[in-house]
Amino acid sequence: NMHVAVHARAHQLDPQTQIFAADVLDGLSQPQKSLSPKYFYDDAGSELFVEITKLPEYYPTRTELGILRDRAGEIAALIPPNAAIVEFGAGATTKIRILLAAHKVAAYVPVDISGDFITAQAEGLRRDFPDLAVYPVAADFTEPFELPGALRELPKVGFFPGSTLGNFEPQEAAHFLASARGILGQGAQLIIGVDLEKDERLLVPAYDDSAGVTAKFNLNVLERINRELGGDLEVPSFRHRAIYNRDQHRIEMHLVSLREQNVRILGEDIAFRAGETIHTENSYKYSLPRFRALAQESGWTLKRSWTDADGLFSVHALEA
Ligand code: AVI
């Protein structure tokens, strides 16, 4: 996009921000305006997400932690001795610590786009698990990347908790699972957390909490556009909306323009009708059969599934 290149140079944006700029201008010029959910997670957004995970309405994090704690023994029994655990998109270490405490593994490889963050997390893990070799890898885990050479001889176990898979479109989810299989290799396993389809009366409040934290999280992407791209978006003229799209099995988050308005981002004018939305996130919810089919079409075999007593969330062991 010529325009973006010209504007980016004019505004002296670094390469990362240039990609953000191009994605924003592209997403906001579509008939259904959209922004990728990956742009939620700047420093402010990452902090807001941690707050979300503690909300009474946001059941996924707490429920998954419960399953991991209750089933740590059974999960650990599937992990071969001397294994290397590769965590895709490593965030807080709370979840991996449950597995590490239940089972002695040789190596832990947190993979995340933010190198600084995983380097800091690695420090703490080395201190608490002195025998564990930690090899942080700074990479976009949705694309193929190289595992550290030291892992060559070790059996590999992937770890992908948090239902992050749900933020991928179904074909992206299949692509990720197939790519993870390629990275981990034949005979590898994957422990993955997947949110389950359920009553709207539980789903919608999880994405539209009474304290308004999810609303802030969603609106923060507009603040980010203003901060990083010098936009002039009037954030209070947008409102958070979460709906459950039952046909597509997904929560959708949108930002609704409360009035007709024009905004200017990097010299481009963007017009909003009153009530027009920016689609900012999908969070797909799976049934067990639909997840099994997805795993199978991506080259994995579903070995075991665990859920909580209320059937809210699931953790699966897949084998390549
Ligand atoms: C990170 N991801 C799994 C969250 C979810 O539930 O889809 C992101 C989120 N969006 C709003 N609340 C939480």
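Any value given below was found using the heavy atoms of this structure, including those in side chains, with hydrogens, waters and symmetry copies removed. All values reported here derive from a predicted model rather than from experimental measurement. Atoms within a ligand are numbered from 1 in the order they appear, just like the ligands themselves.
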What is the closest protein heavy atom to atom 7 (O) of ligand 1, and at what distance does it sit? Ser283 OG, 2.7 Å
N or O contact, Tyr207 vs ligand 1, cut-off under 3.5 Å: yes
Ring centroids only, cut at 6.0 angstrom: are Phe176 and Phe88 within range, meaning strictly under it? yes
From Ile225 CD1 over to Asp232 CG, what is the distance, rounded to the nearest 0.5 angstrom? 11.0 Å
Phe49 touching ligand 1 at heavy-atom level, < 4.0 angstrom: yes
Any N or O of Asn167 closer than 3.5 Å to N or O of ligand 1: yes
Yes or no: does Gly166 have any heavy atom under 4.0 Å from an atom of ligand 1? no
Tell me if the aromatic rings of Phe20 and Tyr39 count as close, with their centers under 6.0 Å from one another. yes
Pair Phe291 and His316, ring centroids less than 6.0 Å apart: yes
Identify whether NZ of Lys or CZ of Arg in Lys95 sits under 6.0 Å from the centre of the six-membered ring of Phe159 and within 45° of that ring's axis. no
Using a strict 4.0 Å cut-off to heavy atoms of Gly162, name the atoms of ligand 1 that fall inside it. 3 (C)
Is the closest heavy-atom distance from Tyr41 to ligand 1 below 4.0 Å? yes
Ring centres under 6.0 angstrom apart (Phe160, Phe141): yes
Hey, does Ser163 sit under 4.0 Å from ligand 1 if you only count heavy atoms? yes
For Phe217, the atoms of ligand 1 under 4.0 Å from one of its heavy atoms are 10 (N), 11 (C)
Nearest-neighbour protein heavy atom for atom 4 (C) of ligand 1, which is reported as residue plus atom name and distance: Tyr58 OH, 3.4 Å
Please collect all ring pair (Phe, Tyr, Trp, His ring centres under 6.0 Å) contacts where either partner lies in residues 197-228, sequence neighbours excluded, each pair once. Phe40-Phe217, Tyr41-Phe217, Tyr58-Tyr207
Could you check atom 9 (C) of ligand 1 against the protein and tell me its nearest heavy-atom contact, residue, atom and distance included? Glu281 OE1, 3.7 Å
With heavy-atom distances below 4.5 Å as the criterion, would you say the side chains of Glu252 and His279 are in contact? yes
